[in-house]
Amino acid sequence: MSNLSPSKTKHRKVHKGRNRGVAKGSDSIAFGDFGIQAFERGRLTSSQLEAARIAINRHLKRRGKMWMRLFPQKPVTKKPAETRMGKGKGGVEFWVAIVKPGSIIFEVSGVSATLAREAMRLADGKLPVHCRFISREEQS
């Protein structure tokens, strides 16, 4: 299983920040005909995104085309267990993608609506945020 992470970043570690507001970009279907849209905010780890991607591809069985609209580009750091306070920030443990309400996570095209809906349902089960199935026709 490949671990999604940026090949090169400007800064090694970043502040935690706050996840507020609704999706500004990536809030409508751009590439495919069907997709899943996040209802709530959260952080998707690279392994969760990868598990959802594999679930979609396995269900579609190489039919159609799939796009992943999010990429984990924020590092999350952790200090080792039972470590005293101080001595700086911990090392990077994993990478996350920040999700806001309204962001499209995956898109598919070239398959029927029923096949796409089931693939997206399987992917939604792998993700920690509640999502809904949307199509290009509904969106307009």
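Along the sequence shown, residues are numbered consecutively beginning with 1. Note: hydrogens, waters and symmetry copies are ignored here, and every other heavy atom, side chains too, is used. Note that the structure is predicted; figures quoted are calculated from it, not measured.
Scanning all heavy atoms of the two residues, the minimum distance from Ala97 to Leu49 falls at CB-CD1, 4.0 Å. Of all heavy-atom pairs spanning Phe34 and Ala116, the tightest one is CD1-CB, 3.6 Å. Across Ile56 and Ala119, no two heavy atoms sit closer than the pair CG1-O, 3.7 Å. Scanning both residues, Trp67 and Val108, for their nearest heavy atoms gives CZ3-C, 4.2 Å. Pro6 and Pro72 get closest at one heavy-atom pair: CD-O, 3.5 Å. Of all heavy-atom pairs spanning Lys89 and Val14, the tightest one is NZ-O, 2.8 Å.
Residues Ile104 and Leu60 do not share a hydrophobic cluster, defined by chaining ILVMFWY side chains whose heavy atoms lie under 4.5 Å apart. Met68 and Val96 are assigned to two separate hydrophobic clusters, defined by single-linkage of ILVMFWY side chains at heavy-atom distances under 4.5 Å. No continuous path of hydrophobic side-chain contacts links Phe94 to Val129 [ILVMFWY only; heavy atoms under 4.5 Å].
Cluster note: Met85 groups with no other residue, as no ILVMFWY side-chain heavy atom lies under 4.5 Å from it. Hydrophobic side-chain contacts under 4.5 Å tie Phe39 to no other Ile, Leu, Val, Met, Phe, Trp or Tyr residue.
Note that the CZ atom of Phe106 and the CZ atom of Arg53 stand 8.0 Å from one another [nearest 0.5 Å]. Note that the CG atom of Leu122 and the CZ atom of Arg58 stand 11.0 Å from one another [nearest 0.5 Å]. In this structure, OG on Ser103 lies 6.0 Å from CG on Leu70, to the nearest 0.5 angstrom. Atom NZ of Lys126 is separated from atom CG of Leu44 by 14.5 Å, given to the nearest 0.5 angstrom. Atom-to-atom distance recorded for Lys10:NZ and Gln73:CD is 13.5 Å, nearest 0.5 angstrom. Going from atom CD1 of Ile29 over to atom CZ of Arg136 covers 6.5 Å, rounded to the nearest 0.5 Å.
A donor-acceptor pair under 3.5 Å links the side-chain atoms of Lys79 to the main chain of Gly86, judged by distance alone. Formation of a donor-acceptor pair under 3.5 Å by the Lys74 side chain with backbone atoms of Ile98 is not found in this model.
Under the 4.5 Å side-chain criterion, counting only non-hydrogen atoms from C-beta, Glu50 is not in contact with Asn3. Looking at heavy atoms from C-beta onward, Leu127 lies in side-chain contact with Ile36 at the 4.5 angstrom threshold.
Applying the ring pair (Phe, Tyr, Trp, His ring centres under 6.0 Å) test to Phe71 and every residue at least two apart in sequence or in another chain returns nothing.
The only member of Gln37, Arg69, Lys65 that meets side chain to side chain donor-acceptor pair (under 3.5 Å) when paired with Glu107 is Arg69.
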